[in-house]
Amino acid sequence: MENRGSAPEEFLKPYDPADTEPGIYSLWEQSGYFNPDNLPEEHKEPFCIIMPPPNANGSLHVGHALFVTLQDLLIRYKRMRGYKTLWLPGGDHAGFETQIVFEKKLEKEGRSRFKMPRDEFYKETLAFTLENKKFMEGQLRELGASCDWSRNTFTLDPKIVSTVYGTFKKMFNDGLVVRGSRPVHWSTKYQTSLSDLETKVVERNDPLYYLKYGPFVLATVRPETKFGDTAVAVNPNDERYKKWVGKEIEFEGLTGTVKLKVIADEYVDQAFGTGVVKITPAHDPNDFAVAQRHGLPVVEVIDKFGRLNEKCGKYAGMKILEARAAVARDLEEKGMLVKVDEKYTHNVLVNYKSEHDILEPRVMPQWFVKIKPLADMAGKAVEDGRITFVSEQYRKIFFHWLEGLRDWNISRQIVWGIPIPAWFKDDEIKIQAESPGEGWVQDPDTFDTWFSSGQWPFATLGYPDSPDFKTYYPTSVMETGYDILFFWVMRMIMLGLYRTGEVPFRDVFLHGLVRDAQKQKMSKSKGNVINPLEVTRVFGTDALRMALLVGNTPGMDMALSEQKIKAYKLFSNKLWNVARFVLENTDASADFLKAEFTTYDADLINEMSYVIADTTESIDKYRFYLAAENLYHFLWNRFASEVIEESKSILKSEDPTERQSRQRLLYELLVTSLKLLHPFMPFVTEAIWQKMPHKDEPLLMVAKWPI
RNA sequence: GCACCCUUAGCUCAGCUGGUUAGAGCGUUCGAUUCACAUUCGAAAGGUCUCAGGUUCAAAUCCUGAAGGGUGCACCA
């Protein structure tokens, strides 16, 4: 058979992604176009996405693959449309979370951070983190991320730390960050306080003890905290107890005579238990609030290790649960335990990373961010449309969250993080990085990771003077998972507005969780985890990317299966073979590209223009699932199954006009398909592009979007 | 308790501002082919759009209510 075609040898084999992808990525990287400064002049209007910096404490999972896919799609699309595109990558030291991971590693080695000097622990964690970070950067490359590595930033870089310090100092001066002794969630396991967001509620069954307190009987789940009681409270409207209010009760307790004031407070529910509550301000946030209202003392009886302290007589040194049992037993012996409701269910706060770590409410000095003024600023920005949520539902969730926010505890008693630049001397506080001099003691605490990552967009861009900040801030889109909406997105809005006076980003695009084919959460214990780097090696990155895009509605969880990924590997191969067919049936000389279209072929070109318009509109509206599906459909069902099929006879036609028109049609359909598909499947499209004999641009990555 | 989301073919989901016989992918069944395709092509079956009201000439789509599922926030000893 005659073969006048220009198809290179490689096309004779099926598409091999594993063999092709690394070479294509280095082709892109070497071009320099990931860096917007190297893009041609006509790329003027900025488009910027700040990459959510992955936690540098493990390898990438499929959720990371999803964000890379979505953001890379946007960036590649905008780059082809002539924007000055910056996708700024980074890595997150991830304070508390990394410390947990690293401590587990130490545990396996039979070591413990509590037996290590602070410096040494920090150094080892840093080495561990940097190693992971480097590894992850390689993985981001494998996923095709066209981000600007020359601007790669780490959350502990001096530039970031100094910006964070600047914000902290400004907030301190403005009275937005305060030092105060307030109730916090204390992890006895990890020896640090946590913010409200870093907690999770679990339902537990615990006995409810009815105790005799002099003339009263009251109910409590925590008899072991009785040594910290500073009052007994009733509801002001409760007729049963009215005569006692303001008086003092006195009775023999376990460790001597107990004298408690009786107070009245609306907080007490008459219908619960006996309508009498013991008030233990140091170990219950509600009781603390009552104590504040009534000027009651705060008596701490549980220490930071979760043991009763010296104020508890013979119970001192016992762990909470042990003490509870002992106290209950002794009370029973003394006839002070009236009854026990064994089936009492209530909610307990635990560490969000570890259900077994029940958080102990403790009152201790910490740094708090006054949230109300910041929340108001953020609310206003969303209200007046300076920030748009791509999925409307998150706007509602955003406003719901803003109501009833409590101040944010930003100090952590952990080593791994950015040290808080505060110095103490007697009652004085100074905010600065270096010691103010003799006699000043530095705050040993570090910042909540989210306090620093909340400043990520303007910190990475070099607020306030860098050209990048001026060009790219406010950034265009914040794309991340809805699971960190409160942790991160909200904080970025608040802190960005506070520090720079402008929103950190215009559009918020939130993606959902990647679940397995049955919509079950992926987890190691279930064995249903899809490892992105494993599947890309078998099916190709493009196949994974398409699988993550099709059927994935913004803000909703999606189902992913290996079968689905495989289907898009076949699609990559389909595209590959379409290209092979076209190149085999067109000349190496460009003559046919000058041919006139027959009326029929002109109609097909017209049809293609609708595909272009649809794809463009879908991407602009963030409906990637739609664009991906339509392109798949067009390429396979229309281009391959119909146009190519009918071409087989047309190309054999005796009439050169008809033949050449068809050759030009095929070639142009292929060129346009490659361009449209590039943001979705960058590798295979670029690999084919590289084999195209006639092209207006050597790299598809910067070819002009057909519009 | 408060809020948000979901409920459309066996499965996973589209269906944007209400408008011809409700779509896609996968799966299933039947047939063909190895002539660009470590395959592909053609065809078929399959839906009371969760339920009950309402608005409308017209509702999967808008409104009200209910049921089921999911998620977030809050939380009383």
Side-chain angles (χ1 to χ4, degrees), chain A residues 1 5 7 11-16 196-197 199-201 203 206 208-211 218-223 225 229 232-233 235 267-280 283-287 290 344 346-349 391-406 482-483 485-486 512-513 515-519 521 546-547 550-553 555-561 563-564 566-585 617-618 621 623 625-626 628-630 632-633 636-637 640-642 644-645 647-648 666:
Chain A
M1 184 201 149
F11 272 120
L12 299 177
K13 292 178 286 182
Y15 176 60
D16 181 354
D196 292 349
L197 282 182
T199 66
K200 204 169 58 175
V201 174
E203 195 168 84
D206 281 307
L208 182 64
Y209 301 92
Y210 284 76
L211 311 181
L218 56 77
T220 179
V221 264
R222 305 201 58 187
T225 62
D229 295 345
V232 168
N235 190 287
Y267 153 72
V268 182
D269 179 356
Q270 299 184 46
F272 187 93
T274 58
V276 184
V277 189
K278 70 191 202 63
I279 299 297
T280 320
H283 301 290
D284 183 299
N286 293 304
D287 290 5
V290 172
Y344 181 62
H346 66 142
N347 293 329
V348 176
L349 283 184
S391 309
E392 190 74 9
Q393 50 183 298
Y394 291 105
R395 190 189 153 91
K396 296 182 196 166
I397 292 172
F398 170 88
F399 283 114
H400 186 248
W401 186 74
L402 286 186
E403 293 165 20
L405 269 185
R406 294 194 301 173
Y482 66 68
D483 53 329
L485 173 62
F486 301 140
L513 251 54
R515 295 167 176 269
D516 76 1
Q518 284 75 45
K519 294 277 276 184
K521 260 192 188 165
M546 279 298 275
V550 176
N552 184 1
T553 317
M556 308 248 269
D557 292 352
M558 69 168 305
L560 183 70
S561 62
Q563 188 192 35
K564 188 175 178 188
K566 192 178 170 191
Y568 292 102
K569 179 195 160 66
L570 292 179
F571 181 58
S572 308
N573 197 50
K574 188 77 183 177
L575 181 60
W576 185 256
N577 279 291
V578 165
R580 174 175 160 190
F581 179 87
V582 172
L583 295 187
E584 271 180 0
N585 289 286
E617 192 194 346
S618 295
K621 290 188 173 162
R623 292 202 272 256
Y625 60 95
L626 204 58
E629 197 176 316
N630 286 341
Y632 176 94
H633 200 256
W636 198 309
N637 299 30
S641 298
E642 290 169 12
I644 287 189
E645 284 309 316
S647 297
K648 287 174 183 171
L666 289 172

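As the structure is a prediction and not an experimental result, all values here were calculated from the model. The sequence lines fix the lettering, A, B, ..., with proteins before strands; numbering per chain opens at 1.
- Judged by distance alone, with hydrogens and angles left aside, the side-chain atoms of A:Asp284 form a donor-acceptor pair with the main-chain N or O of A:Asp287 at under 3.5 Å.
- Residue A:Leu560 is classed as having no contact, given no heavy-atom separation below 4.0 Å to the nucleic acid.
- Nucleotide B:C11 forms a Watson-Crick or G-U wobble pair with B:G25, both donor-acceptor distances falling under 3.5 Å.
- Residue-to-nucleotide contacts include a donor-acceptor pair under 3.5 Å from the side chain of A:Glu645 to the base of B:A36.
- At the heavy-atom level, A:Val276 lies nowhere under 4.0 Å from the strands shown.
- Note on A:Lys621 versus A:Glu617: salt bridge recorded, some NZ/NE/NH1/NH2 to OD/OE distance being below 4.0 Å.
- For the residue pair A:Ser561/A:Lys566, the side-chain donor-acceptor check at 3.5 Å is not satisfied.
- Closest to the side chain of A:Arg623, from the set B:C16, B:G25, B:G15, is B:C16.
- Place A:Met558 and A:Asn637 on RNA chain B by their nearest nucleotides, and A:Met558 ends up nearer the 5' end.
- Within 4.0 Å of A:Tyr632, counting heavy atoms only, lie sugar-phosphate atoms of the nucleic acid but no base atom.
- Using a 4.0 Å heavy-atom distance criterion, A:Lys396 is classed as a sugar-phosphate-only contact.
- Using a distance-only test at 3.5 Å, with no hydrogens or angles considered, a donor-acceptor pair links the side chain of A:Lys564 to the main chain of A:Val550.
- Phosphate proximity of B:G15 to A:Tyr625: present, with a side-chain N or O under 4.0 Å from OP1 or OP2.
- Among the heavy atoms of the strands lying under 4.0 Å from A:Lys519 are primed sugar atoms or P, OP1, OP2 only; no base atom is included.
- Nearer to the 5' terminus of RNA chain B, by closest-nucleotide assignment, is the contact made by A:Asn552 (compared with the other of A:Asn552 and A:Leu349).
- The phosphate of B:A38 (OP1 or OP2) has a side-chain N or O of A:Asn573 nearer than 4.0 angstrom.
- The pairing partner recorded for B:C4 is B:G70, the criterion being a Watson-Crick or G-U wobble arrangement whose two distances lie under 3.5 angstrom.
- In this structure, A:Ile279 reaches neither bases nor backbone, as no heavy-atom distance under 4.0 Å exists between it and the strands shown.
- Using a 4.0 Å heavy-atom distance criterion, A:Tyr394 is classed as making no nucleic acid contact.
- Taking only side-chain atoms of A:Leu626, from C-beta outward, the nucleotide of B:C4, B:G72, B:A14 with the closest atom is B:A14.
- Taking 4.0 angstrom as the limit, A:Thr553 places none of its side-chain polar atoms (N or O) nearer than this to OP1 or OP2 of B:C13.
- A:Met556 comes within 4.0 angstrom of sugar-phosphate atoms only, judged by non-hydrogen atoms across all strands, and of no base.
- Aromatic ring centres of A:Phe398 and A:His400: separated by at least 6.0 Å.
- Here B:G72 is the nucleotide among B:G72, B:A36, B:A38 with the atom lying nearest to any side-chain atom of A:Phe486.
- Of all nucleotides listed (B:C2, B:C5, B:A36), B:A36 comes nearest to the side chain of A:Asn577.
- Taking the side chain of A:Lys574 as heavy atoms from C-beta on, and the options B:A36, B:G27, B:A38, the nearest nucleotide is B:A36.
- By the 30° and 60° cut-offs, the orientation of the rings of A:Trp576 relative to A:Tyr15 is tilted.
- As the counterpart of B:A32, B:U40 is assigned, both hydrogen-bonding distances of the Watson-Crick or G-U wobble pattern falling under 3.5 Å.
- Base pairing analysis places B:G65 opposite B:C51; the two distances defining the Watson-Crick or G-U wobble pair are each below 3.5 Å.
- Side-chain atoms of A:Glu629 lie closest to B:A24 of the nucleotides B:A24, B:A38, B:A36.
- For A:Leu570 and B:G25, the CG to P distance is 14 Å, given to the nearest whole Å.
- Note on A:Ala640: a base of the nucleic acid sits closer than 4.0 angstrom, heavy atoms only.
- Base pairing analysis places B:C75 opposite nothing; no Watson-Crick or G-U wobble pair with both distances below 3.5 Å involves it.
- Closest to the A:Gln563 side chain, of the nucleotides B:G25, B:A14, B:G27, is B:G27.
- Counting any heavy atom pair closer than 4.0 Å across all strands shown, A:Asp269 reaches a base atom.
- At the heavy-atom level, A:Val221 lies under 4.0 Å from the strands shown only through sugar-phosphate atoms.
- Within the shown strands, nothing qualifies as a pairing partner of B:C16 under the Watson-Crick or G-U definition with both distances less than 3.5 Å.
- At B:C41, one or more side-chain N or O atoms of A:Trp636 fall inside 4.0 Å of OP1 or OP2 (strictly under the cut-off).
- Among the atoms of the strands shown, only primed sugar atoms or phosphate atoms (P, OP1, OP2) are found under 4.0 Å from some heavy atom of A:Tyr344.
- Nucleotide B:A59 is matched to nothing when pairs are restricted to Watson-Crick or G-U wobble geometry with both distances under 3.5 angstrom.
- Phosphate proximity of B:A36 to A:Lys648: present, with a side-chain N or O under 4.0 Å from OP1 or OP2.
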